[in-house]
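To start, the structure under review is shown below, and the notes come after it.
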Amino acid sequence: MPRPPAVARVAPPAPLPCMKEGIMDKVIYLDNNATTAVAPEVRDAMEPFLRELYGNPSSIHTFGGRVAHYVEEARERVAHLLGADPSELIFTSCGTESDNAAIRSALATSPERHHIVTTRVEHPAVRNLCQLLATPAPGRAHYRLTELPVDAKGMLDLGEVDRVIDDDTAVVSVMWANNETGVVFPIEEIGALCRKRGVLFHTDAVQVVGKMPINLARMPVDMLSLSGHKLHAPKGIGVLYVRRGTRFSPFIMGGHQEHNRRGGTESVPLVAALGKAAELAEKNMAVEQTRVGALRDRLEKGLLAGAPSAMVNGDREHRLPNTTNISFEFVEGEAILLMLDQFGICASSGSACTSGSLEPSHVMRAMGVPFTAAHGSIRFSLSVYNTEEEIDRVIEVLPPIIRRLREISPFGREKLAAAK
Amino acid sequence: MWDYTEKVKEHFLHPKNVGEIPNPDLDATVGNITCGDALRLMAKLDKAGRIAEAKFQTFGCASAIASSDALIDLIKGKTLDEAATITNDDIARFLGGLPEAKMHCSVMGMEALQKAIATYRKTPFTLEDEGKIVCRCFGVTDKLIEKVVREHNLRTIEEVTHYTKAGGGCGGCHREIEAILARAHGRAPAQAAPAAPAPRAMTNLQRINRIQEVIASEIRPLLQADGGDIELVDVDATHVQVAFRGHCAYCRVSDVTLKGSVEAKLRELVDPEIVVEDVGDKLDKS
């Protein structure tokens, strides 16, 4: 008998450029709106389910059945963080699935209505879905889409929300906070408006959960999406909150899991992880509000003082405590990020070269940020794990990077010289 | 994640040719700040007509800066005739390759060089002066697109966007780019898609679904606007039975509505064979 081929040795991934010896021994991670580090407590909480507790929570035997208990415990923890009832939560695979499920359910349960209201600054999970639904195609119902504009500070006009809702409106979907600028929308007011007009209201709260206190018992929100990996749980787990009494049509058909609202065996390790992450988020809420907010303010102040012709994008009064989005005029965002990367500093940009298209991000464009500034916008998003030393390091290295790139750039010489 | 070679990073992090030359013989700027990248190329010639000194200023991403620095290294010491033969491929090769989506950075280098030489020689800069703007978002001419398509044997709009940025904004010029691609490859331009008549080989189920949709999204809103309504009663192959409701049920011109809008709409959007019958009366009597 021929011998089986030797198991191919998988080479370990190359070290990240910022981790190479001599350049940087530590990463300064300021991209927490993209994803977060898995908290050590969360890692520990999921481990039993990767080892001995591997049963299927739907099983009839004790071995599986006891796992179901942990799923429900995690559900209670998440519900507590949201001020919701555990029965109102559906575990999903991610925030995007939650958004898709919410909007499609709203449309399926109001078949006589064909109008969707959302904003120009939504995450692609909502925006691309709604734009698809608004594109006529054979074999598919066709919806009218209103994307609400924002002002130069990224804020919505409540009167406009009221004006665009009509008898044909099936659902209003407005994000709670914007991922690029951190701007927080008046969800309570928008929800109240929708309730008054008898329209379903969904909010993508992926950036808010864990960063700001939420009490859904007192909020006029019918459906809410959250994502685990934005609050120190691993990627691959999300939640859709569906207020009790809201009609729901499942997005994924299958078994009876999640009370027939989402087929598919529960990812127990990830559910347990999210439960733990929710508990930690609740514990750290005060830290998030005060210490993280103070670090963000320190960073913002330091960078604005260190680099002329820089400005904050988005309303600073109504903003997540962890986010700042700063435009550095006359330089390009990708170049800034690559230079920051040399120091192990991780951030993101709304520039064309990093937006996946050749134009600056749709959020910057919706706000009317001038192109001279939109291309050079950098988002820093902090977490409870950041330290003052890290922030000071960024304040130390970024202004010289901006100076250097402006020396290379043919633009802005006169304005920068005048500013001196 | 960046997919840059060490050479690209080196030329981005430590460019040696940044700066300005007072009273340059050659001086050209391509691109602009709105588009996200721009390159100003300056050079001085020696008595023998060789490029003695050259500098650049660039606004743009890492590969734009690296491509500019590479361009200067490539042209130094060359005569203008020699320099004129440098292509964007030479720039990309010098850098050990560029990611596909960043090839336009090397094309920007080539453009700047050709524009600088054309301006110096007081000849028209064909890529800009003689072309017609195709992509309005990024100001790209048909001449430039065609040149790059031919040189690199580009086949898709996406490839054209990677090399020239054309078509990467609003997408309004995709049809024109398609035509340039067809011309360059000696094909007849693709016919515009006909107004999508539903395929004849539609199953009964598909036809029913489609009829329901068209009634819901196209017909009912029209009738409802006038206080009327319509209900789909039955579909038997291409025979569609409906019942008028609201004002339409008592309307004396409902026959006109039936044939003029309902049937016409369903024939246009679903199946040209469709015949619509109003069975509202029969239904109400039974």
Side-chain angles (χ1 to χ4, degrees), chain A residues 13-14 16-18 23 111-115 133-134 136-144 167-168 329-339 341-343 346 349-360 365 370-376 401 404-413, chain B residues 1-2 4 8-9 12-13 15 18-20 29 31-40 56-66 68-69 101-102 104-105 135 137-138 161-162 165-171 196-199 202 206 209-210 212-214 216-218 220-221 224 269-270:
Chain A
L16 293 171
C18 50
I23 299 174
E112 71 290 356
R113 297 179 178 214
H114 290 87
H115 180 218
L133 291 165
R140 188 170 74 206
H142 175 209
Y143 296 89
R144 202 155 46 88
D167 294 343
D168 196 34
E329 275 193 292
F330 313 118
V331 290
E332 200 278 332
E334 193 223 278
I336 302 172
L337 291 183
L338 190 50
M339 287 204 172
D341 197 62
Q342 302 300 307
F343 295 93
C346 309
S349 170
S351 85
C353 279
T354 59
S355 68
S357 75
L358 288 168
E359 292 189 325
R365 281 184 286 148
F371 279 91
T372 51
H375 286 296
I401 288 176
R404 174 66 182 139
L405 287 171
R406 282 177 179 165
E407 280 166 19
I408 298 176
S409 171
F411 301 119
R413 275 159 212 287
Chain B
M1 181 50 200
W2 295 286
Y4 291 140
V8 171
K9 284 188 201 164
F12 162 62
L13 292 171
V18 179
E20 267 179 294
T29 301
N32 61 64
I33 201 162
T34 310
C35 294
D37 45 21
L39 161 58
R40 181 178 176 206
F56 78 90
Q57 289 176 333
T58 289
F59 165 82
C61 59
S63 58
I65 291 171
S68 309
D69 200 47
K102 297 284 190 180
H104 62 84
C105 296
C135 169
C137 296
F138 296 110
T161 306
H162 288 337
K165 298 176 85 168
C170 71
M202 203 187 267
Q206 284 170 328
N209 282 337
R210 186 76 189 116
Q212 281 177 327
E213 270 165 38
V214 170
S217 63
E218 303 282 336
R220 285 187 73 194
Q224 284 170 343
L269 295 172
V270 185

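- If you take CD on Glu20(B) and CZ on Arg413(A), they are separated by 5.5 Å, rounding to the nearest 0.5 Å.
- Between chain B and the residues Glu112(A), His114(A), Arg140(A), the largest count of heavy-atom pairs under 4.5 Å involves Arg140(A).
- Neither the backbone nor the side chain of Asp37(B) comes within less than 4.5 Å of any heavy atom in chain A.
- Nearest heavy-atom pair across Ala335(A) and Gly60(B) is CB-O, 3.6 Å.
- For a residue to count as touching a neighbouring chain, one of its non-hydrogen atoms must lie under 4.5 Å from one of that chain's; by this rule Thr29(B) does not touch chain A.
- Among the candidates Leu13(B), Leu39(B), Thr58(B), Val18(B), the residue making the largest number of heavy-atom pairs closer than 4.5 Å to chain A is Thr58(B).
- Using a 4.5 Å cut-off between heavy atoms, Tyr143(A) makes no contact with chain B at all.
- Looking at heavy atoms from C-beta onward, Pro15(B) lies in side-chain contact with Ile408(A) at the 4.5 angstrom threshold.
- Closest non-hydrogen pair, Glu332(A) versus Cys61(B), comes out as OE1-CA, 3.2 Å.
- Across every non-hydrogen atom of Pro410(A) and Arg40(B), the tightest pair is CB-CB, 4.5 Å.
- In this structure, Met339(A) and Phe12(B) have side chains that are in contact, with non-hydrogen atoms separated by less than 4.5 Å.
- In this structure, Phe59(B) and His375(A) approach most closely via the heavy-atom pair CZ-CB, 3.9 Å.
- The CZ atom of Phe330(A) lies 6.0 Å from the CD1 atom of Ile33(B); values are rounded to the nearest 0.5 Å.
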